[in-house]
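First comes the structure, then the notes that go with it.
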Amino acid sequence: MKRVVVGLSGGVDSSVAAYLLQQQGYEVIGLFMKNWHDDSVTISNECPWLEDSNDALLVAEKLGIPFQTVDLSEEYKEKIVDYMFNEYEKGRTPNPDVLCNREIKFDVFMKIALSLGADYVATGHYCQKSEIEVGGKTVYQLIAGADNNKDQSYFLCQLSQEQLSKALFPIGALTKPEVREIAAEMELVTAEKKDSQGLCFIGKVRLPEFLQQKLQPKEGKIVQIDKNDPIYTIEKPAGLSLEEELKKEAQKLKYRPEMGKIMGKHQGAHYFTVGQRKGLNVGGTTDPLFVIATDVETNTIYTGLTSHHPGLFKKALFIEKSEVHWVREDLILKAGEKMQVMARIRYRQPLQKATLHQFEDGMYVGFEEPQSAITEGQFVAWYLENELVGSGVIS
């Protein structure tokens with residue numbers, strides 16, 4: 001009998017995952033990860049993790065499976081929280097959820113599970129796994145979840161073959177309504193529970209308040225750039241190589257405060273991210289203002305009117321060589337090679353037609369259509385049909 005450890009989060013998805021594994025004849029153990037307990041930043045006196053671990057315990061009791069809580073807050077702080085602060089300080093926007101899966105759930109947590117004699121680790125992610133044979137070796141595939149609305153393959157875009165070989169995703173072939181239905185039939189306490197929002201570990205914490213503890217507020221200017229500014233009509237020199245052309249398309253535009261008009265003040269450029277429209281607190285414009293760029297060196301935020309502002313769009317992005325990650329190692333591109341893919345630059349974004357171009361020092365992703373708010377520090381993931389084959393950090 002194969003033993004599997006399920007990360008019970010206290011939500012409906014992982015509860016049903018545990019139940020399905022039990023039905024499939026696995027020996028199931030439930031493990032709740034406690035990742036965060038710095039009460040100084042939780043808002044109000046709700047304590048989400050206590051409530052969640054309690055729900056996880058009730059589900060385990062109902063299913064009659066052993067249950068324990070593991071405290072991973074040390075590893076969390078080191079691998080996720082510190083990484084977030086570092087990224088924000090550099091003016092980048094991290095994706096803690098992707099990292100959390102790579103560094104915590106399928107690394108620290110997986111090691112604990114394997115030390116308990118488990119053959120597999122299971123989570124309540126909406127994604128699927130299959131295997132094929134390539135050159136006599138088993139290769140694992142990360143496939144999108146069957147529920148288009150809930151597909152979470154993007155969050156697992158940094159997993160390796162080794163991690164995938166030990167992973168199970170029991171609800172990947174189901175839709176959310178089907179999952180809730182099973183939970184209701186089984187009378188699991190989580191059946192009606194709302195989906196958790198926000199960061200995977202901070203629970204009910206508002207990000208700016210969380211960041212303010214470490215990153216000191218400092219006042220700076222909000223500058224509005226006109227959509228007809230000459231910076232958007234730069235002529236492309238003739239005779240550029242493909243690499244030079246992609247480099248131009250992926251490049252950050254160099255804004256300077258004197259290029260626009262001052263619209264107001266902000267409390268720190270590192271609290272803002274490209275594409276953001278809330279939290280600027282600038283009134284009196286005909287249309288909403290969007291952040292088109294932030295400069296942490298000069299502590300300036302550049303904005304533009306409407307979501308169609310040219311400052312929001314780019315046709316290409318760059319990934320440094322060390323940040324290119326292939327789930328399917330057998331598909332790795334060599335310098336000079338290219339591949340047609342479908343890609344997304346954020347969770348839930350519909351897949352976009354794109355071409356990967358691998359060069360000596362990194363990879364360019366060129367899109368057929370210009371993309372809005374390509375954000376440094378976020379992950380781009382690429383697919384062949386419904387299989388996620390690789391990803392990288394946008395630089």
Side-chain angles (χ1 to χ4, degrees), residues 1-37 46-73 75-76 80 97 100-101 103-127 129 145 150 152 155-156 163 166-174 176 178-204:
M1 199 176 184
K2 295 273 189 187
R3 176 179 292 177
V4 57
V5 168
V6 182
L8 282 180
S9 66
V12 67
D13 299 331
S14 60
S15 309
V16 171
Y19 166 69
L20 292 172
L21 289 166
Q22 205 180 26
Q23 294 299 297
Q24 288 160 25
Y26 288 97
E27 179 199 343
V28 182
I29 297 173
L31 223 54
F32 176 84
M33 287 180 271
K34 181 180 171 193
N35 297 328
W36 184 255
H37 52 124
E46 296 171 59
C47 189
W49 73 264
L50 260 181
E51 196 181 310
D52 288 341
S53 67
N54 201 28
D55 287 346
L57 172 64
L58 291 172
V59 167
E61 282 180 349
K62 175 89 184 178
L63 297 176
I65 59 175
F67 173 80
Q68 66 188 71
T69 300
V70 288
D71 188 341
L72 303 182
S73 38
E75 289 89 340
Y76 236 90
I80 311 293
D97 294 296
C100 168
N101 285 315
E103 301 283 340
I104 303 290
K105 288 184 190 150
F106 292 93
D107 188 353
V108 179
F109 183 72
M110 188 172 260
K111 286 180 183 132
I112 292 171
L114 298 177
S115 74
L116 295 173
D119 300 284
Y120 297 105
V121 162
T123 61
H125 282 104
Y126 285 86
C127 68
K129 169 180 135 176
K150 289 295 290 182
Q152 291 174 317
F155 289 130
L156 302 168
Q163 289 169 315
K166 305 245 191 295
L168 294 177
F169 307 113
I171 64 168
L174 301 173
K176 186 78 189 203
E178 289 171 326
V179 168
R180 288 211 183 272
E181 205 171 307
I182 293 172
E185 273 168 35
M186 284 304 298
E187 297 180 350
L188 298 177
V189 52
T190 53
E192 299 297 314
K193 196 166 173 182
K194 288 228 297 284
D195 287 358
S196 62
Q197 287 305 320
L199 296 179
C200 59
F201 63 100
I202 308 184
K204 304 181 170 67

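One-based numbering along the sequence shown.
- Evaluation of the ring-ring contact (aromatic ring centres under 6.0 Å, His included) rule for Phe109 yields no partner, not counting sequence neighbours.
- Using cut-offs of 30° and 60° for the angle between ring planes, the Phe32 and Phe67 rings count as tilted.
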Atom pairs and distances, side-chain donor-acceptor, residues 4-14, under 3.5 Å, sequence neighbours left out:
{"unit_1": "Ser9", "atom_1": "OG", "unit_2": "Gly11", "atom_2": "N", "d": "3.2"}
{"unit_1": "Ser9", "atom_1": "OG", "unit_2": "Ser14", "atom_2": "OG", "d": "3.3"}
{"unit_1": "Asp13", "atom_1": "OD1", "unit_2": "Tyr126", "atom_2": "OH", "d": "2.8"}
{"unit_1": "Asp13", "atom_1": "OD1", "unit_2": "Lys176", "atom_2": "NZ", "d": "3.1"}
{"unit_1": "Asp13", "atom_1": "OD2", "unit_2": "Lys176", "atom_2": "NZ", "d": "3.2"}
{"unit_1": "Ser14", "atom_1": "OG", "unit_2": "Ser9", "atom_2": "N", "d": "3.1"}

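- Shown here for Ala17 and Gly124, the closest heavy-atom pair between the two residues is CB-CA, 4.3 Å.
- By the side chain to side chain donor-acceptor pair (under 3.5 Å) test, Glu27 is found to be paired with Arg3, residues two or more places apart in sequence or in another chain being considered.
- Pairs engaging residues 59-70 under the side-chain hydrogen bond (donor to acceptor under 3.5 Å, both in side chains) rule: none recorded [sequence neighbours left out].
- Residues Lys166 and Asp119 share a closest heavy-atom pair of CD-O, 3.8 Å.
- Every side chain to side chain donor-acceptor pair (under 3.5 Å) that Lys150 has, sequence neighbours left out, goes to Asp195.
- Under a 3.5 Å cut-off, the side chain of Asp55 and the backbone N or O of Thr190 do not form any donor-acceptor pair.
- The shortest non-hydrogen separation linking Ala113 to Val121 is CB-CG2, 3.4 Å.
- Between Thr123 and Phe106 there is a side-chain heavy-atom pair separated by less than 4.5 Å.
- In this structure, the side-chain contact (heavy atoms from CB on, under 4.5 Å) partners of Gln23, at least two apart in sequence or on a different chain, are Tyr19.
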